Amino acid sequence: MSSYDPHAIERRWQQVWESERTWEVANPGRHGFEGSKPKSYVLEMLPYPSGEPHMGHLKCYSIGDAIAHFRRRHGFEVLHPMGYDAFGLPAENNAIKTGEHPRAATESSIEVFRRQFRQWGISIDWSREISSHTPEYYRWTQWIFLRLFEKGLAYRAEAPVQWCPVDATVLANEQVIDGRCERCGTPVESRKLEQWFFRITDYADRLLEGFDMLESWPEHVLTMQRNWIGRSEGAEVVFSCEQLGIDFPVFTTRPDTLFGATFFVLAPEHPEIERLVAAADAEEAVRDYVNQAMRESTEERAAEERPKTGVALGRTVTNPVNGEQIPMFVSDYVLMEYGTGAIMAVPAHDQRDYEFAKAFDLPIRQVVEPPAGEVPEDAAYVEHTEGERLVNSGPFTGMPATEAIREIIAWLEREGKGKAAVSYRLRDWLVSRQRYWGAPIPIVYCEACGMVPVPDDQLPVELPEIEEYAPKGRSPLAGAEDWVATECPNCGGSARRETDTMDTFVDSSWYFLRYLDPRNEDEPWDRAVADHWMPVDQYIGGVEHAILHLMYARFFVKALADMGLLGVQEPFVNLFAQGMITRDGAKMSKSKGNVVSPADYFERYGADSARTYICFMGPPEKGGDWSDEGVEGVHRFLSRLWRLGEEVAERTEDRPRNEERGTRNELSGHARTLLAKAHWAIDKVTRDFRRGFQFNTAIAAVMELVNEIYRLKDGLYGDAEGGPCVRLATATAASLIFPFAPHLGAEVYDRLAGERVWETPWPEADPALLSSETITLVVQVNGKLRDRIEAEVDAPEEELIRLARGSEKVQRHLDGKEVVKEVVVPGKLVNLVVR
RNA sequence: GCCGGAGUGGAGGAACGGCAGACUCGAUUGAUUCAAAAUCAAUUGCCCGAAAGGGCGUGUGGGUUCGAAUCCCACCUCCGGCACCA
């Protein structure tokens, strides 16, 4: 007997799909798509092409493909495209090391990805393939940049930025992990530079409100985004330094503690420090302190358990609520990036202020009293609970704290000394990079006209060819003199190009829109086409993008919608975040030497086995440890199904015909048992898909079905009604495994049913076969299982109790005791409570 | 510190108020084979027992319930995110 040959089978079906362009879908109103089917946009996060695909890619695309197949067979027109996020640092660092052009390295990697995706049999509409490094694509990235620029959402500003000394580039806040560069691990430094920003903070509230428009996002992703945005409500209160005539607004979430402010602290970067200490006694000491703070790395400054340091400025400000003069300090525990870079310090009710007050021997004045009157020793009282009342707070003394917050804000507003305010942790998105391998920022600087956007009809601003990729504190593009020197689009005078490129997150913030209309040369997408396909119905990707990519893409979509370019407010209504694949319990990495690549397994077992295994390992949203034995087990199962298909094709004559489907209920014995199992599996797999893609249990159900067929088949082959049942059950197993193992599913289904499984509707479970005439009645005594009894499905309660009491095993436990209660769960269980 | 998530056999996991351990791996045994691989069949939570059967079992302690892995409270451990954010 021949054996399961995945390579031959997979090649064969891949050729069919390739030559018939099975997975391509047309846009409405163009080439004959009538729009009769509802649409479904199934999208996996696009890969960053570096080297070859890894297990995380396999998992992501296996999950997405299963969903795409499931939806197609439910009558949806499924858009399932693929592309490459091709700009970025790894290709450029490789270029610096080897001299190989980043384009060459990237494109050869894309070739590997493309080939493997085909070998995996992922059902992709290849006619829509895109890559972010092509001028055809980044032309529109630049075009969107210009639209944001026009709306004031892209701006240039000098700002303290996080600088990676090794990569010699600026990093976004999001790319700094524990004070270190996300890519190379070097401690990040603070520098002041002119940089480009996107004004994402304008959208902070809408990014929060947008959560309500989503259907299904993992709770932890929403929480992470919410925390990242970090919205705090409170008040802005103005403290004045009358001596010098400077106003210092501060942000506080606790205006109820204003009477407890006993000193005032500025961040070392605060722009007014110079003026405050000029020619004063403290000048030297303050300058030393500020310089040292600036030199220290972000990591050092944020170190835990760091004692509070600072220097008195020798100046005071006035507390607006009580007119007190309170001393000013500079300290590095105040951050310039949050709030106003200045704080009112309330040591009695803020732990940091408390520590500072202790270190500098400053007064600590309690102004809020807990309901029980207990205040912690050696710490600030920071609770914020019901029943708190104000003390030592002038006219507000005795007022409940929650009410005091409102009243004090109202008072401040009346007096013109403050107002209700909201502050965010979120900062504007720093998008410029002093690197080569990215989309050039389409701006020129003209001596006469200043900053001038490149006109749309001159896009794309193509990336020039250069010799030296290594950044030296400025963009490598600055070395391309011929390219930098240009003409001002405005006045025709001499001008110089912006030499920074865009963060790659910009490229990936809109790619899902370009898939919709990838060959459009007049605009990034046709609005009507976008209206048809958007939003993405199901997005799939790793949790590592839970904050950055998803938030940036949401911001883009909202901004584009505001410009009238899109009709949706949220790009991804459903998100599935897959867990990470590990090996021997650890993240796979070259340095650990525990990397296994999908390609190794296709050699040995074929794509179907690897894909099915990765979906079977455990719930897909959780991580999983890759096990060679595990793949083998799944491979055994698929082989078993294939052999079954061969045997059934030979030993049964008929294809399951439609008329047989009407006769199921007259079936009896094993034939009915088998068919019932098939319908149980249909029901189970379908429910598991709907219940958050519980693929592990769905695949287990198909395994159970196959096991049942093996158990019963030999007794049914000779039988006039049994044979077709075996055939039908086996074809059903093939049909149900198809979303995970598409080649094998197609092969076995074709062999048994003579049809293309992807063209047949998803099977429906027959309710008549899901229920049976008898049930297994579980009998408990005092909640403990004592017996199982076969009973009629519709037996009345009294009958069930009679059966339960009649059981010999049950009797033994009732002996000499009194039954005080009988609990009956119809169709399931009887519990006898005895004493 | 704050915010999430999770603790179940030798392993991955299933069940998510009603039969704990589906399915898979691993292990053991048998059939087949000259032999091995592959395949097929059987056993496999722990303890007592020859068996029938019984007892104990879902991180720990308590609670709710006729009944709890599942719900509630407290605690322990692990994983992830954020963290001097005023």
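So you know, we letter chains A, B, ... as the sequences are listed, proteins then strands, and number each from 1. Keep in mind the model is a prediction, meaning the values are calculated, not measured.
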Exam field: side chain A/Thr612 to backbone A/Ser609, donor-acceptor pair closer than 3.5 Å: no
Residue A/Arg812, side-chain atoms from C-beta onward, closest of B/rC84, B/rC82, B/rG53: B/rG53
Give each protein N/O atom lying under 3.5 Å from an N/O atom of nucleotides 55-58 of chain B, with the pair distance.
residue: B/rG55; atom: OP1; partner: A/Arg786; partner atom: NH2; Å: 3.4
residue: B/rG55; atom: OP2; partner: A/Arg786; partner atom: NH1; Å: 3.1

Taking only N/O atoms, report every protein-nucleotides 65-68 of chain B pair under 3.5 Å with atom names and distance.
residue: B/rC66; atom: O2'; partner: A/Asn831; partner atom: ND2; Å: 3.4
residue: B/rC66; atom: O2; partner: A/Asn831; partner atom: ND2; Å: 2.5

Sorted by number, the residues of residues 696-707 of chain A with heavy-atom contact under 4.0 Å to RNA chain B: A/Asn696, A/Thr697, A/Ala700, A/Met703, A/Glu704, A/Asn707
Between B/rA6 and B/rG10 - P atom distance, rounded Å: 23 Å
B/rG9, syn or anti by chi within 90 degrees of zero: syn
Candidates B/rA14, B/rG4, B/rG26 - which lies nearest the side chain of A/Pro619: B/rA14
Pairwise P distance for B/rG21 and B/rC40, with rounding to whole Å: 25 Å
Separation between the P atoms of B/rA41 and B/rC48, rounded to whole Å: 32 Å
Sidechain N-carboxylate O distance under 4.0 Å for A/Lys308, A/Glu355: yes
Would you tabulate the pairs of protein nitrogen or oxygen atoms and nucleotide nitrogen or oxygen atoms of nucleotides 6-8 of chain B closer than 3.5 angstrom?
none

Under 4.0 angstrom between A/Arg711 side-chain N/O and B/rC40 OP1 or OP2: no
Aromatic ring pairing A/Phe689/A/Phe693, orientation class (parallel under 30°, perpendicular over 60°, tilted between): perpendicular
P atoms of B/rG59 and B/rG55, separation to the nearest Å: 22 Å
Atom pairs and distances, donor-acceptor, side-chain atoms in residues 776-785 of chain A, under 3.5 Å, two or more places apart:
residue: A/Thr776; atom: OG1; partner: A/Glu790; partner atom: OE2; Å: 3.1
residue: A/Asn782; atom: OD1; partner: A/Val834; partner atom: N; Å: 2.9

Selection from B/rC85, B/rG81, B/rC23 that lies nearest to any side-chain heavy atom of A/Phe616: B/rC23
Under 3.5 Å donor-acceptor, A/Gln366 side chain and A/Val368 backbone: yes
Check ion pair A/Arg231-A/Asp205 (N to O, under 4.0 angstrom): yes
Closest to the A/Arg425 side chain, choosing from B/rC84, B/rC85, B/rA86: B/rC85
Contact residues, residues 346-353 of chain A to RNA chain B [heavy atom, < 4.0 Å]: A/Arg352
Donor-acceptor pair present, A/Arg226 side chain and B/rC82 base, under 3.5 Å: no
Below 4.0 Å: OP1/OP2 of B/rC85 and any side-chain N or O of A/Thr253: no
Candidate nucleotides B/rC16, B/rU39, B/rA86, ranked by approach to the side chain of A/Leu335 - the nearest: B/rA86
